[in-house]
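Read through the structure below, which is laid out as structure tokens, and then see the notes.
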Amino acid sequence: MLDQISEKYHDESRQGEALMIESPLAAHNGRKLFIESYGCQMNFADSEVVASIMLEMGFQTTNDFNDADVIFINTCSIRENAEQRVRKRLTDFKAAKKNKPGMIVGVLGCMAERLKAKFLEEEKLVDVVVGPDAYRDLPKLIQSADEGTKSVNVLLSRDETYGDISPIRLNSNGVSGFISITRGCDNMCSFCVVPFTRGRERSRDAHSIVNEAKDLFDNGFREVVLLGQNVDSYHWKNEEETEQVNFAQLLAMVANVHPALRVRFSTSHPKDLTDEVLHTMAKTANICKNIHLPVQSGNSRVLELMNRTYTREWYINRIEAIRNIIPECAISTDIIAGFCSETEEEHQETISLMNLVRFEYAYMFTYSERPGTPAAKKLKDDVPEEIKSKRLAEIVQLQREHALGRMNNQVGKTNQVLIDGFSKKSENDFAGRTDQNLVVVFPVDKRFKKGDYVNVLIEKCTSATLLGKIVN
Ligand code: SAH
Ligand code: SF4
Ligand code: F3S
């Protein structure tokens with residue numbers, strides 16, 4: 001149970017999801033692609049770029065890997081259990097490949113980048129290994145594999161943003177779409193593998209981002225989520241350097257696409273979240289009042305060891321700025337329990353910080369040492385596993401109480417809700433989300449459909465869902 005919570009990253013229900021597209025973009029080459037994704041939203045967004053490249057080659061998708069000519073698994077390295085999950089999945093593909101000679105198995109994403117050619121030695125069934133910046137090379141890599149040569153491209157790039165490739169969206173609910181705005185990360189938090197697997201930070205052309213948002217809106221989408229490891233450090237300039245756009249300006253530009261398009265973003269870094277961004281959010285109705293601001297620890301010594309470059313006091317100052325400028329803003333976070341040399345007193349400072357902020361939502365993990373990271377090289381992973389788990393359990397329990405308290409506060413209030421579709425349990429109910437990203441379930445009203453905004457009076461709640469009725 002605890003292990004499951006600790007592995008939860010962003011959207012657990014999507015881990016291992018296969019991407020399905022109805023029709024090929026180019027003439028069908030008679031071959032089928034199965035693609036499955038793990039990890040963060042950025043990896044899912046990348047799979048949509050990969051699908052676009054493969055469909056251009058004439059592939060069709062399938063949701064049955066036994067039926068595929070090419071199997072791609074887009075992988076995550078963030079914690080050890082994320083990698084174990086991928087290894088386990090590869091054993092499922094082994095049997096399929098035996099039954100279908102010529103089948104190609106490709107490993108994409110962060111684990112491909114971390115292990116590089118070693119993957120081919122460790123996992124004999126793998127034919128191609130492709131890092132996150134090398135997807136344009138897929139046609140060539142597939143061709144080599146067809147000719148019987150295993151191949152690897154894990155070159156990281158300083159400028160690849162796939163800005164000109166239209167991601168394939170047909171797997172989504174048609175309401176909410178991801179747009180990657182930066183790639184890579186320059187921060188070097190000591191525990192984190194991302195700078196090694198995703199390379200240097202780069203920002204995508206602001207106009208290509210706005211155009212993608214327009215395109216989504218024209219196709220019926222009503223929400224875009226701007227993605228980056230550290231969106232606040234977004235900074236793009238044109239070649240002549242006559243035009244520069246920072247994150248606050250980009251938010252305003254995307255929000256300007258249409259008042260009925262909700263704009264969300266993730267992830268913000270406490271050291272870079274500016275008051276300019278907060279003021280832009282406050283004065284723009286369609287920028288959702290929701291900030292994901294990972295704290296990792298509530299203790300300044302641990303934060304320094306983590307190389308997060310802020311202190312507890314700085315983090316609290318940012319929370320106060322949010323509360324002052326956008327009083328209704330929901331705040332969520334990420335927390336790591338049991339980082340190297342963390343004492344019980346230091347852990348209690350994380351608990352006291354949680355009590356101070358009362359986060360809407362939190363992703364909570366035990367520390368998992370990743371090979372090659374600064375922490376793995378310089379610090380000792382010396383907090384025993386049972387202590388890590390005990391601290392995590394305490395954090396999870398407290399977070400549950402806070403989340404339930406927050407949900408209870410919504411009862412009796414009326415919220416504007418964007419309808420995502422039917423609820424998972426029944427077609428008699430719609431499911432949607434509030435501006436603050438809370439899930440609301442309410443009876444279907446035939447006057448409305450997916451993608452519409454409705455006002456919902458909240459009547460009851462659980463710790464995860466609000467229940468109500470339309471009061472339009
Ligand atoms: N860019 C984001 C988060 C990226 S990874 C940020 O800067 O906050 C998502 C989360 O995974 C992190 O916030 C952290 O809480 C967790 N994480 C990253 N590396 C980890 C590790 N080695 N062990 C445990 N949790 C880790
Ligand atoms: Fe990792 Fe830190 Fe970059 Fe986030 S900001 S991706 S935690 S190095
Ligand atoms: Fe995982 Fe890579 Fe994302 S390591 S969390 S898939 S950037």
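Note that ligands are numbered from 1 as they come in the structure, with each ligand's atoms numbered from 1 the same way. Predicted, not measured: the structure shown is a model, and the values here were computed from it. Sequential numbering from 1 along the given sequence is applied to the chain's residues. Excluded from the calculations below are hydrogen atoms, water molecules and symmetry mates; all remaining heavy atoms, backbone and side chain alike, are included.
Counting heavy atoms under 4.0 Å from ligand 3, residue Q229 touches it through the side chain alone.
Residue contacts with ligand 1 include T366, since one or more of its heavy atoms lies under 4.0 Å from the ligand. Not a single heavy atom of M42 lies less than 4.0 angstrom from ligand 3. In this structure, N230 does not count as a contact residue of ligand 1, since none of its heavy atoms falls inside 4.0 Å of the ligand. For the pair V194 and ligand 1, no heavy-atom separation below 4.0 Å is found.
Contact atoms of ligand 3 toward S77: 1 (Fe), 4 (S) (distance under 4.0 Å to a heavy atom of the residue). Each of the following atoms of ligand 3 lies closer than 4.0 Å to a heavy atom of C76: 1 (Fe), 4 (S), 5 (S), 6 (S). Here is the list of ligand 1 atoms found below 4.0 Å of a heavy atom in R308: 6 (C), 7 (O), 8 (O). Close contacts between ligand 1 and R370 involve ligand atoms 22 (N) [criterion: under 4.0 Å to a heavy atom]. The atoms of ligand 3 that sit less than 4.0 Å from any heavy atom of C110 are 2 (Fe), 4 (S), 6 (S), 7 (S).
A donor-acceptor distance shorter than 3.5 angstrom exists from the side chain of T350 to the backbone of G298, with no hydrogens or angles considered. Counting only distance, with no hydrogens or angles, the side chain of S368 and the backbone of E80 share a donor-acceptor pair below 3.5 Å.
The shortest N/O to N/O separation between Q229 and ligand 1 falls below 3.5 Å. Of the N or O atoms in Q296, one or more lie within a sub-3.5 Å distance of an N or O in ligand 1. Residue S368 has at least one nitrogen or oxygen atom sitting less than 3.5 Å from a nitrogen or oxygen atom of ligand 1, judged on distance alone. In terms of polar-atom proximity, D334 is counted as a contact of ligand 1, with an N or O under 3.5 Å from an N or O of the ligand. In terms of N/O distances under 3.5 Å, ligand 1 is approached by R79. Residue contacts with ligand 1: F191 is placed with a nitrogen or oxygen under 3.5 Å of a nitrogen or oxygen of the ligand (distance criterion only).
Screening residues 313-348 for ring-ring contact (aromatic ring centres under 6.0 Å, His included), with sequence neighbours left out, gives F339-Y367.
The closest heavy-atom contact to atom 3 (Fe) of ligand 3, among the options C40, G109, C192, comes from C40.
Checking T309, N307, N230 one by one against N187, the side-chain contact (heavy atoms from CB on, under 4.5 Å) holds for a single residue, N230.
Residues A403 and S463 share a closest heavy-atom pair of CB-O, 4.4 Å. Nearest heavy atom pair, residue T75 against residue A112, reads OG1-N, 3.7 Å.
If you look at atom 2 (Fe) of ligand 2, the protein N, O or S atoms less than 2.8 Å from it are C189 SG.
Atom CD of E304 sits in a sparse spot, with 12 or fewer heavy atoms from other residues, nucleotides or ligands closer than 6.0 Å.
Cation-pi geometry between R79 and F365 is satisfied (NZ or CZ under 6.0 Å from the ring centre, within 45° of the ring normal). Because its NZ or CZ atom is both nearer than 6.0 Å to the ring centre of F119 and within 45° of the ring axis, R87 counts as a cation-pi partner of that residue.
Counted by atom type alone, K140 and N153 present zero donor-acceptor pairs between their side chains at under 3.5 Å. Looking at E360 and S332, their side chains never bring a donor and an acceptor atom within 3.5 Å of each other.
In terms of the ring-ring contact (aromatic ring centres under 6.0 Å, His included) criterion, residue partners of Y310 (sequence neighbours excluded) are, by chain and number, H269. By the salt bridge (charged side-chain N to carboxylate O under 4.0 Å, His left out) test, D69 pairs with K100, sequence neighbours left out.
Using a 4.0 Å cut-off between charged nitrogen and carboxylate oxygen, R204 and E212 count as a salt-bridge pair.
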